[in-house]
Structures are given as structure tokens and as C-alpha cells.
Amino acid sequence: TDTDPVATCEPPIDPVDTSSPDHVVGTGSAASCNEADLRTAVEAGGIITFDCGTDPATIDITETLVLRTDADTVIDGGGTVTLDAGGRTRHLILDHPDWMNNPYGVTLQGLTLVNGSAPKGTYYPQDPENPDCAYGYKEGSGGALYVRNGVVHVIVSVFRDNEAALEGPDVGGGAIYALGVPEIVITGSVFEDNRGANAGALGMLFANPTIVNTVFRNNHTEGVGMNYVEPGCPNFNHDEQGGAGGNGGAIAFDGMNYDDVVGFCGTVFEDNRANELGGAIFRTPNVEMRELHLVDSLF
């Protein structure tokens, strides 16, 4: 059957009106749409649209675009613009130092992000004398988008073939990683062929997701050994940590900031794979038992 997004559920948010943009990238042709002009627009914030002609256009991203933390940024690709990081870099980052209190953030709509690769940092090899102890990367989450403490809205967009670090107990989010965010809403979108140590497509820590009419297809984890307490192991990200990931073929999330989680509605999980726990979704609240709502969704 056709598993592209369908309007099974009421969208929780509407597309942003971008008819009066703050910045327009391009002057009517695909060649005029370039990374330098997009970077200038992103650094300024506000509503960004494109004028790349009538045919689909691809903009190569060679260095991560840094989003403002003190203003909203909307990037509207109009359904025809692709940002291609070529496996060189992550597409976008919003990194606010506080925790779950920033009212500003990023909206991606009508945009395709492909071939993103999160910066990995130092690799810590497995100790052959203590093979159960944690190893891999401590950094490298969010292959296309990394957000700490900012609002995340994704509307009718596509994330394809993006990659987070592939080994490590805590890294993940092949497409998106959201950390301590006040809100994350995804609607009418597609995540396919993304990968990470955990959370092949979408990784979250202290984030309450609302995901509606969205498809997660052929995302997978590459980590092994899970993430758990292994007595006697040295400090990795925390004391006595074992494993190198493998949880949540499409989605993994940990912790929450309040109880009334909306969760998933009209969402399709197809051909996702995890080496360890949760071929589609891995969930740990890290406190007492919580509820996860799955409405009109297909696995």
C-alpha cells in the first residue's frame, strides 16, 4: 500500500505563512540558489524562502548552518528545494545553553534534507578486557538537525540518508536530535534511510514529541550492546555505563518534562530495524511508569 503521509489525523500546527518573507534565496534560477546566501539568511533569522525557478533545486551544504537562539527561523523550501550535505557535515544546529525554556526555535517546511553527517568527535575503542563496558562516540547526534533548548517544528518535509555517530550508548538521531526542548512537533513528513547508534531517524532527551501523519521508513541503528548500568565499568557518559547503543530503529527518546504526552497519530513505521531494543520505537521515561499514546498508527 501507499504509505506516504496522509491526513489521517488533524495536523497539530498549520504551515507558517511565508508570503512576506524576510529573506529570499535565489533570483529565479537553480544556479542562483547557493549556500552563501542561505547562510546569510539563516544567520539573520526570520522567514526564509527560495526563488530557484520552477524546477527542483539542490543546494550543497559544506558547513553547518548555525541557527539563532534568540529569534525564530522559518526555512520554507516550497516542496522543491533540497539541502544536500554530501556526507560532509550536519545541515543545521541550534544550541542554546539553558534547558527547556527557550521560546524561539526553527520551523522547516516543504524542505528536503539529505546526506547529513553529525560531527563525531573522539572515538573510544572497546576494551577487550571489559567488552561489556561502554565504547564508541560521546558526541555525534543529529545528522541533519541538532537542537538544544529550542522549539522544533517540521512540516511536510523529508529527511533522507542522514547519519549520526554509529556506535555509542547515548548518541543517535540519524536525522534529528532534540535535547531539553520545550516543544517538538512533526507533521506530514517522511524520514527514510537514516541511521545512528540509537534512534535511526529521531532521537530525543527530555522532549515531548507530537508526531502526526508522518512516515518512518527503513531507518536503522548500528550500535550494539544497548545502554545500561554495568557494575565496575569506568565513567563514559556516566559511571558504570555499558553498551554501545542499538535502540530505537526509527525513534528513541528518554525522559519527559510533563505527563500529558500527545505522542503519535496517523504515523506509519515501515521496515525500520534496531540491533537491540525497539525496531520502531524505544522509550524510557527514566522515572516512574509513563503513558505513550499511539493513535491510528501502523507498524
Side-chain angles (χ1 to χ4, degrees), residues 61 63-67 69 85 87-97 99-100 102 105-106 108 113-124 134-152 154 159-181 184 186 191 193-209 211 216 219-227 236-238 241 243-256 272 274-278 281-284 286:
I61 304 299
E63 185 178 348
T64 302
L65 302 167
V66 180
L67 295 155
T69 62
R88 296 173 294 259
T89 188
R90 175 193 289 136
H91 297 79
L92 295 155
I93 185 170
L94 188 159
D95 192 1
H96 189 288
W99 190 256
M100 297 165 58
N102 181 19
V106 59
L108 305 178
L113 296 92
V114 301
N115 300 320
S117 180
K120 311 297 192 294
T122 301
Y123 180 79
Y124 298 87
Y135 65 94
Y137 293 97
K138 297 182 180 182
E139 301 173 77
S141 294
L145 172 66
Y146 177 96
V147 176
R148 175 190 168 105
N149 191 24
V151 174
V152 181
V154 176
F159 291 78
R160 182 182 297 113
D161 202 22
N162 301 290
E163 180 179 291
L166 299 181
E167 289 182 315
D170 292 312
V171 290
I176 298 175
Y177 191 78
L179 172 64
V181 301
I184 177 168
I186 299 171
F191 293 77
D193 299 322
N194 304 287
R195 55 203 171 275
N198 302 281
L202 174 62
M204 295 168 284
L205 174 62
F206 277 84
N208 278 339
I211 302 176
F216 292 86
N219 305 285
H220 58 270
T221 67
E222 296 290 346
V224 294
M226 301 178 288
N227 174 4
F236 194 77
N237 291 310
H238 58 71
Q241 190 169 17
N247 297 332
I251 296 171
F253 63 112
D254 182 357
M256 62 170 59
N272 302 286
N275 280 342
E276 298 291 353
L277 305 176
I281 301 173
F282 173 79
R283 174 76 177 104
T284 175
N286 204 27

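Values in this document were obtained by computation on a predicted structure and should not be read as measured data.
Shown here for Tyr137 and Val171, the closest heavy-atom pair between the two residues is O-CG1, 3.7 Å. Here the shortest heavy-atom pairing between Ala201 and Phe191 reads CB-CB, 4.0 Å. When every heavy atom of Ala118 is checked against every heavy atom of Ser141, the shortest pair comes out as CB-O, 3.7 Å.
Here Asn115 pairs with Asp84 under the side chain to side chain donor-acceptor pair (under 3.5 Å) rule; sequence neighbours left out. Arg160 meets the salt bridge (charged side-chain N to carboxylate O under 4.0 Å, His left out) test with Glu192; sequence neighbours excluded. Remark: Asp193 engages no residue in a salt bridge (charged side-chain N to carboxylate O under 4.0 Å, His left out) (not counting sequence neighbours).
Residues Asn198 and Asn227 fail the side-chain proximity criterion, which asks for heavy atoms closer than 4.5 Å. Using a 4.5 Å heavy-atom cutoff, the side chains of Ile251 and Met204 are in contact. Counting heavy atoms from C-beta on, the side chains of Asn102 and Val151 never come closer than 4.5 Å.
Tyr146 and Tyr177 have parallel rings, their planes meeting at less than 30° on a 0 to 90° scale where 60° marks the start of perpendicular.
When atom types are taken as modelled, the side chain of Asn219 and the backbone of Asn194 share a donor-acceptor pair closer than 3.5 angstrom. Listed for the Asn149 side chain is a donor-acceptor partner under 3.5 Å among the backbone atoms of Met100. In this structure a side-chain-to-backbone donor-acceptor pair under 3.5 Å is present from Arg148 to His96.
Just one residue in the list His220, Glu222, Glu163 forms a side chain to side chain donor-acceptor pair (under 3.5 Å) with Arg195, and that residue is Glu163.
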